[in-house]
Protein chains: 2
Amino acid sequence: MQTPEELTARFRATGRKVTAQRQCVFRVLQGDESHPSAEAVHAAARRQVETISLKTVYQTLHDLTELGEIAALDIGTGMVRFDPNVEEPHHHLVCRVCGKVSDLVVDFPELSVPERATQGFELGAPEVVFRGRCPECRSRSTDPSVGSTPGGSPTGGERDAPTSP
Amino acid sequence: MQTPEELTARFRATGRKVTAQRQCVFRVLQGDESHPSAEAVHAAARRQVETISLKTVYQTLHDLTELGEIAALDIGTGMVRFDPNVEEPHHHLVCRVCGKVSDLVVDFPELSVPERATQGFELGAPEVVFRGRCPECRSRSTDPSVGSTPGGSPTGGERDAPTSP
DNA sequence: TTGTTACCTAACAATCAGTGGTAATTATGG
DNA sequence: CCATAATTACCACTGATTGTTAGGTAACAA
Ligand SMILES: [Mn+2]
Ligand SMILES: [Mn+2]
Ligand SMILES: [Zn+2]
Ligand SMILES: [Zn+2]
């Protein structure tokens, strides 16, 4: 995703009007690496423009996706997640417990399909998803098998666990 | 997934009753490589047991998933797709147009994440999805004027494929 | 500056996949 | 046989997303 200023220009150039609400969504998305849902974007946007409607957020996300400025990821968390990082190809780690999505910056070189295995499909880029448990959900787990990871990563950060869908 | 007979035994062994409806779902799933949705399973099951309810189908699919006899795939087609092939690890090709899901039998060897890239995640097996267009949708969405291009086809411009229904 | 027009909001209704409840009936398996 | 699980029809409900309306505001080109 480009900067809010560049997006402003691009919106004008594509016949779209630039409003305070849209620019607010631009700013919310800029540098956001949490892969927020539309609701999450809405919540963040409301902190800047209290009256912005969910509808407008959906509309702006749709426009940005159409322009290829962000990516809409549907990776089994129940909601579409939006990714402003479309410049750097990457994959994702998905927490099965809380739905957290993290970037996986590893590039997999050997990830091409032999022509005969494509079954006539016209293929795009591969999407790799590793599902598992994020650090927070690992440490929060009451599973007794967790707790003694020798030399592991005692990140210690046992933060609150807000999400309870 | 095991055979309907084996599933019958397994259901009994796990305290579940075996009914005509459940066995019907077993048979529908057996050898099905189309990764059907619950609705699709229901439609197929109705051809054998006309009165089987969608609820029962959901219940049976849930049970089978719980037992690990089938896999529930959420790969962005809007519905959960069920996969009776849990014996052979594999990946998937997904048609962006019609939602068709095909097995990708290629095994990717070097698909492991360097320890430092995991960000503390506890990871499961990687899921690879190639999105694209299936053969049917490729031939259906080409320009009408390109109906039968002989030899070296100047497929020229890939126009926007108009979204179906 | 002004006029056209896109945009925004609020408040709903609707869709779609999936879950949940009821009550009455059926049928499994010990 | 018979307790009890399962099934059915029916309907309400969630949650994400889209659509619709109507009235008001604001962007931007002239
Ligand atoms: Mn990402
Ligand atoms: Mn499969
Ligand atoms: Zn988590
Ligand atoms: Zn297709």
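None of the values given here were measured: they were computed from a predicted structure. Order of the sequence lines fixes the chain letters, A, B, ..., with proteins taken first and strands second; residue numbering starts at 1 for each chain.
Across C/dA10, D/dT17, D/dT7, the shortest atom-to-atom separation from the side chain of A/Ala38 is found for D/dT17.
Looking at heavy atoms from C-beta onward, A/Asp83 lies in side-chain contact with A/His90 at the 4.5 angstrom threshold.
A salt bridge is defined here as a Lys NZ or Arg NE, NH1 or NH2 lying under 4.0 Å from an Asp or Glu carboxylate O, and A/Glu66 with A/Arg16 meets this definition. Remark: A/Glu5 does not engage A/Arg27 in a salt bridge, criterion side-chain N to carboxylate O under 4.0 Å.
Within 6.0 Å of atom CD in B/Glu33, 12 or fewer heavy atoms from other residues, nucleotides or ligands are found, so the atom counts as exposed in its surroundings. Around the CD atom of A/Gln119, the shell of radius 6.0 Å holds more than 12 heavy atoms that belong to other residues, nucleotides or ligands.
Between B/Cys95 and B/Cys98, the shortest heavy-atom distance links the atoms SG-N, 3.4 Å. Closest heavy-atom contact between A/Val128 and B/Pro126: CG1-CB, 4.2 Å. The minimum heavy-atom distance linking B/Leu29 with B/Pro36 is given by the pair CD2-CG, 4.3 Å.
An angle of 40°, rounded to 10°, separates the two end axes of the helix from C/dT1-D/dA30 to C/dG30-D/dC1, each defined over five pairs.
Nucleotides of DNA chain C nearest to A/Asp63 and B/His62 differ in position, and the one nearer the 5' end is that of A/Asp63.
Between B/Glu39 atom CD and C/dT19 atom C1' there is a gap of 13 Å when expressed in whole angstrom units. Atom CZ in B/Arg22 sits about 11 Å away from atom P in D/dT8, given to the nearest Å. Distance, A/Ile52 CD1 to C/dT9 C1': 11 Å, rounded to whole Å. Atoms CE (B/Met79) and C1' (C/dC16) sit 10 Å apart, rounded to a whole Å. C/dG18 atom P lies 12 Å from atom CG of B/Leu73, rounded to whole Å. Counting to the nearest Å, the P atom of C/dC12 and the NZ atom of A/Lys55 are 15 Å from each other. The CZ atom of A/Arg16 sits 12 Å away from the P atom of C/dC8 (whole-angstrom rounding). Between B/Gln21 atom CD and D/dA6 atom P there is a gap of 12 Å when expressed in whole angstrom units.
Here the two rings, on B/Phe130 and B/His91, have centers that are 6.0 Å apart or farther.
The shortest distance between the side-chain N/O atoms of A/Thr51 and the OP1/OP2 oxygens of C/dC8 is not below 4.0 Å.
As judged by a 4.0 angstrom heavy-atom cut-off over every strand, B/Ser37 is placed among residues making no nucleic acid contact.
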N/O contacts under 3.5 Å, protein versus nucleotides 23-28 of chain C?
{"residue": "C/dT28", "atom": "O2", "partner": "B/Lys17", "partner atom": "NZ", "Å": "2.6"}

